Amino acid sequence: MGSNERNITLIPLLVHVLLSFSLQLEAQLQVGFYGNSCRLAEFIVKDEVRKGFFRDKGVAAGLVRMHFHDCFVRGCDGSVLIDSTPSNTAEKDSPANNPSLRGFEIIDSAKGRLEATCKGVVSCADILAFAARDSVELSGGSGYDVPAGRRDGRVSLASESLKNLPPPTFNVNQLTQSFATKGLTQQEMVTLSGAHTIGRSHCTSFSNRLYNFNTTTSQDPSLDPAYASQLKKQCPQGSNDPNLVVLMDPSTPTVADVSYYNNVLANRGLFTSDQTLLTNPTTTNQVNQNAGNPFLWKSRFAAAMVKMGQIGVLTGNVGEIRANCRVIN
């Protein structure tokens, strides 16, 4: 057989291999992954999230944020759930996560019930992805199907949180780049920023905008003066109280709606990373789109959460299924 004939014969084979590889990547995570192995998995997680939500509606924001912080560090592998040890400071004890992350007890409760029902089957990473979805839905956002099949990671380093999580001081270009490194577009960054429609923030995350903005002005000029005065009352200058918090969206703090975008348009974005969305014409347009069309934002947010939930996942035989989400096996 001549070389040309061999090449022609190999082309269909190469196409088949590439298609198979593509399909394999798509099949790594799938909706209904536990349909046979643990039929009640998603129901059990939702039940625990619902119970936690009715005790404290703020836990929904905590679980959405926890999923985001998990996925941006080592991918969505449940590494944010691992406790520190005498020899290792884990992600959850990074300044980016401690004391602000909350909702760990809900993941623990769900895991306990799942281990009693389907021992060694449902990963902590999947529990967190389900819990984030349930939190969005309970807060009034759009529900969505969560592709599952994630495995749990065995490494959790506080130092990696600081390197990978975008801080509240980032400008629009830095945010765009941070999300791009995780495979997310600028529009998805603007969409996911809308998660700040629920939850709370510690004063230390934005106090520089009130008292120490730059060398020429103490207060951020892009911050609405009346809002700044209100924040100063809630966050007195020089206070070191780690428990001082303010609501991210004062008007509807437990409802996933577009008031976050209306706040940004009124120069009442709490973080620099919120208000900076108006410094770029493309992101300004997206803020206006979302503010004017709640259904559009909710559908975009659901799609962006699904995409974010697939960052750097471990599947197949990689990683493990932790018996206790706080400790590697």
Side-chain angles (χ1 to χ4, degrees), residues 58 61-62 64-65 68-69 72 94-102 161-179 186 189-288 290-291 297:
V64 171
R65 184 165 178 261
F68 166 58
H69 282 214
F72 264 55
S94 159
N97 290 327
N98 187 358
S100 58
L101 274 196
R102 54 180 172 155
S161 294
L162 292 172
K163 290 175 187 171
N164 287 279
L165 295 171
T169 54
F170 263 13
N171 64 38
V172 69
N173 293 330
Q174 291 169 314
L175 286 171
T176 300
Q177 180 58 40
S178 174
F179 277 67
Q186 187 180 66
M189 178 272 288
V190 175
T191 298
L192 289 168
S193 294
H196 289 170
T197 182
I198 54 175
R200 64 190 188 184
S201 168
H202 287 74
C203 292
T204 49
S205 295
F206 60 86
S207 58
N208 68 301
R209 299 187 73 199
L210 303 176
Y211 303 114
N212 188 30
F213 186 61
N214 58 31
T215 53
T216 57
T217 179
S218 59
Q219 185 172 301
D220 185 344
S222 72
L223 189 61
D224 174 66
Y227 185 44
S229 296
Q230 177 188 328
L231 291 173
K232 285 179 177 178
K233 290 175 185 172
Q234 295 173 277
C235 303
Q237 186 171 15
S239 172
N240 293 317
D241 184 353
N243 298 314
L244 276 182
V245 294
V246 302
L247 298 173
M248 298 286 294
D249 175 6
S251 58
T252 54
T254 61
V255 180
D257 58 19
V258 296
S259 59
Y260 163 79
Y261 296 102
N262 289 317
N263 290 339
V264 170
L265 290 170
N267 294 322
R268 288 175 167 243
L270 187 60
F271 296 157
T272 297
S273 58
D274 296 320
Q275 205 56 52
T276 190
L277 299 181
L278 295 189
T279 63
N280 172 292
T282 305
T283 56
T284 299
N285 182 48
Q286 289 161 2
V287 169
N288 276 295
N290 291 332
W297 172 70

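All values derive from a computational prediction rather than experimental measurement. Scope of the values below: all heavy atoms of this structure, side chains included, with no hydrogens, waters or symmetry mates. Heads up: numbering here begins at 1 and tracks the sequence.
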Give the C-alpha distance, both sets of side-chain angles, the deciding distance and a yes or no for side chain to side chain donor-acceptor pair (under 3.5 Å) between Ser222 and Asn267.
CA-CA 6 Å; Ser222 72; Asn267 294 322; 6.0 Å; no
Given Thr169 and Thr272, is the side chain to side chain donor-acceptor pair (under 3.5 Å) satisfied, shown in steps?
CA-CA 5 Å; Thr169 54; Thr272 297; over 6 Å; no
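A heavy-atom distance below 4.5 Å is not found between the side chains of Leu277 and Thr284. Between Leu278 and Gln275 there is a side-chain heavy-atom pair separated by less than 4.5 Å. Within the 4.5 Å cutoff, the side chain of Met189 has heavy atoms near those of the Val172 side chain. Counting heavy atoms from C-beta on, the side chains of Ser193 and Phe271 never come closer than 4.5 Å. Ile198 is not listed as a side-chain neighbour of Val255, based on a closest heavy-atom distance of 4.5 Å or more. For the pair Ser239/Leu244, a side-chain contact is recorded, criterion being any heavy-atom separation below 4.5 Å from C-beta on. Using a 4.5 Å cut-off on side-chain heavy atoms (C-beta onward), Ser259 and Ser251 make contact. Counting only heavy atoms from C-beta outward, the side chains of Thr282 and Val190 never approach each other to under 4.5 Å.
When atom types are taken as modelled, the side chain of Ser178 and the backbone of Gln174 share no donor-acceptor pair closer than 3.5 angstrom. Distance alone, capped at 3.5 Å, places no donor-acceptor pair between the Gln234 side chain and the Val246 backbone. Judged purely by atom type and a 3.5 angstrom limit, Ser94 has no side-chain atom pairing as donor or acceptor with the backbone of Ser161. For Arg209 (side chain) and Leu270 (main-chain N/O), a donor-acceptor pair under 3.5 Å exists by modelled atom type. Panel note: side chain Ser100, backbone Ser201; no donor-acceptor pair is recorded below 3.5 Å.
The CG atom of Asp249 sits 4.5 Å away from the OG1 atom of Thr197 when rounded to the nearest 0.5 Å. In this structure, CG in Leu192 is found 11.5 Å from CG in Leu175, a value given to the nearest 0.5 Å. Of the inter-residue distances, the one linking Asn208 atom CG with Phe206 atom CZ reads 9.5 Å to the nearest 0.5 angstrom. Note: Leu231 CG to Leu223 CG = 6.5 Å, rounded to the nearest 0.5 Å. Taking OH of Tyr211 as the start and SG of Cys203 as the end, the distance is 8.0 Å to the nearest 0.5 Å. Put simply, CG on Asn263 and CG on Asp274 are 9.0 Å apart, with the number rounded to the nearest 0.5 Å.
Residues forming a salt bridge (charged side-chain N to carboxylate O under 4.0 Å, His left out) with Arg65 (at least two apart in sequence, or on another chain): none. Residues meeting the salt bridge (charged side-chain N to carboxylate O under 4.0 Å, His left out) test with Asp224, sequence neighbours left out: Arg268.
Ring geometry for Tyr261 against Trp297 counts as perpendicular: the plane angle is over 60°, on a 0 to 90° scale with 30° as the lower cut.
Applying side chain to side chain donor-acceptor pair (under 3.5 Å) to Gln186 and the options Thr191, Thr283, Thr176 leaves one that passes, Thr176.
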